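Below is one structure, written out as structure tokens; the observations come after it.
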Amino acid sequence: MPELPEVETIARTLASEVESRLILDVEVLDESAIAPEPGSFRERVLGRRIARVDRRGKLLLLHLQAAGGKDGGEIAVHLRMTGRVLALPPGESPVRPRVVLTLSDRGCGAMLLVFSDVRRFGRMLAFAPGGGPDSIDHWPFYRDLGPEPLLITAEEFRQRLAPRGKKSKARIKALLLDQGVIAGIGNIYADEALLRAGIRPDAVAGAISARRQDKLFAAIQAVLTQAIAENGSSIRDYRDAHGDAGSFQNHFRAYGRAGQPCLTCGAALRSLRVAGRTSTFCQHCQTA
DNA sequence: ACGGATTCCTGATGGC
DNA sequence: TGCCATCAGGAATCCG
């Protein structure tokens, strides 16, 4: 499922294909895929130029430009579990498209930007420019996102785990998955980082020593950085904007390995439900 | 302020 | 082999 490294990979592979192109047509095949309603969505997107593609947490962001180079708002895509964003040459038929944007020629042919999603959990949202009530800055999910894990220090990370200086009673994994605490981490990278840091997913966050919190932060950064270098993890659905799979799934030590031996000590990994998610961990290598 | 359940979805998987 | 139940999960929402 697309987490930070997967969305980062999509942003990178999409950017070179679509940046500077104009959005010439908008085809909404599944109205539940978008917001606001089709009329406003079209109005906010049609005729705009895709100036820049980047990422914030698990959100893919297309920054738009209006005529005269003015701010044109944003398109934000949340892929949830099975969403895909693909850059395709016209004529190629994508699998179960929900939204298709036709983009202008850039001297090397026109292009389609396709949002598809078998499970239909994902969303493509269009925001107005200018900081008004319809702008992305007023979208609570976006506004309340925690910091980027690759752009903060260990000290800032510790502060995020202890809001207003109070020790949190929440389980550490619940905090890692909370996008308002830190942005971009999902079930895969939470389990991978916790295993590498030797911390149980159900450990009470406030009871973890500063030294071990720093170790967790280092593990998060290491895992995310390596996953980005491997173009993300493809369990089954995830693909980049070219339709290519990632390879970090070959480096999983925890996720999906319940019952299999711990790669450090050989004990069978166990699984536990924490914060409503299946959490795989090693009883010997990870402690509260 | 926390955990838990529920909802949204469909495909994969496992038991019988 | 076929059928059915279960599971997977990000985030919103409600409830205790």
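Letters A, B, ... are given to chains in the order of the sequence lines, protein chains preceding strands, and every chain is numbered from 1. Here the structure is a predicted model, which is why all the values come from computation and not from measurement.
In this structure, CG in A:L161 is found 7.0 Å from CG in A:L216, a value given to the nearest 0.5 Å. Between the CD1 atom in A:I185 and the CG atom in A:L224 there is a gap of 6.0 Å [rounded to 0.5 Å].
Between A:D117 and A:R96 there is no salt bridge, since none of the side-chain N atoms of the basic residue sits less than 4.0 Å from a carboxylate O of the acidic one.
Between A:D237 atom CG and C:dG10 atom P there is a gap of 13 Å when expressed in whole angstrom units. Note: CG (A:L176) to C1' (C:dG10) measures 15 Å, nearest angstrom. One can place CG of A:L177 at 9 Å from P of C:dA11, the figure rounded to the nearest angstrom. Distance CG (A:D144) to P (C:dT13): 12 Å, rounded to an integer number of Å. When the C1' atom of C:dG10 is taken as reference, atom CD of A:E3 falls 10 Å away, rounded to whole Å. In this structure, OH of A:Y142 is placed 18 Å from C1' of C:dA11, rounded to the nearest angstrom. A:I185 places its CD1 atom 16 Å from the C1' atom of C:dA11, with the value rounded to the nearest Å.
Each of A:V274 and A:K166 lies near DNA chain B, and the nucleotide nearest A:K166 is the one positioned closer to the 5' end. Each of A:R236 and A:A174 has a nearest nucleotide on DNA chain B; the 5'-most of these lies closest to A:A174. Taking for each of A:Y255 and A:F141 the nucleotide of DNA chain C with the nearest heavy atom, the 5'-most of the two is the partner of A:Y255. Heavy-atom distances to DNA chain C give each of A:M81 and A:P140 a nearest nucleotide, and the one nearer the 5′ end belongs to A:M81.
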Between A:E6 and A:T9, is a side-chain hydrogen bond (donor to acceptor under 3.5 Å, both in side chains) present by the stated rule, with each step listed? CA-CA 5 Å; A:E6 289 75 32; A:T9 304; over 6 Å; no
Start with the C-alpha distance between A:Y189 and A:S233, add both sets of side-chain angles, then the distance that settles side-chain hydrogen bond (donor to acceptor under 3.5 Å, both in side chains), and finish with yes or no. CA-CA 10 Å; A:Y189 297 105; A:S233 306; 2.6 Å; yes
Trace of the salt bridge (charged side-chain N to carboxylate O under 4.0 Å, His left out) decision for A:E148 with A:R55: CA-CA 10 Å; A:E148 288 290 326; A:R55 173 196 64 73; 2.9 Å; yes
Check step by step if side-chain hydrogen bond (donor to acceptor under 3.5 Å, both in side chains) holds for A:T153 and A:E156. CA-CA 5 Å; A:T153 63; A:E156 286 173 84; 3.3 Å; yes
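Applying the 4.0 Å criterion to OP1 and OP2 of C:dA11, one finds that A:H78 has a side-chain N or O inside that range. Distances shown here put every side-chain N or O of A:Q179 at or beyond 4.0 Å from the OP1 or OP2 atom of C:dG10.
For the pair A:Q179/A:D144, no side-chain contact is recorded, criterion being any heavy-atom separation below 4.5 Å from C-beta on.
Looking at heavy-atom distances under 4.0 Å, A:R120 makes contact with sugar-phosphate atoms alone, never a base. Contact annotation for A:R273: backbone-only contact, meaning every heavy-atom pair under 4.0 Å involves sugar-phosphate atoms and none involves a base. Among the protein residues, A:M1 comes within range of the sugar-phosphate backbone only, with heavy atoms under 4.0 Å from sugar or phosphate atoms but none that close to a base. Among the heavy atoms of the strands, none lies under 4.0 Å from A:T82.
Of all nucleotides in DNA chain B, those with any atom nearer than 4.0 Å to a heavy atom of chain A start and finish, going 5' to 3', at B:dA1 to B:dA12.
At its two ends the helix from B:dC2-C:dG16 to B:dC16-C:dG2 runs along axes set 60° apart, each axis drawn from five pairs and the angle rounded to 10°.
The two residues A:H284 and A:C265 have their closest heavy-atom pair at CB-SG, 4.0 Å.
Evaluated for a ring-ring contact (aromatic ring centres under 6.0 Å, His included) with A:H78, the options A:F115, A:F141, A:F121, A:W139 yield exactly one hit, A:F141.
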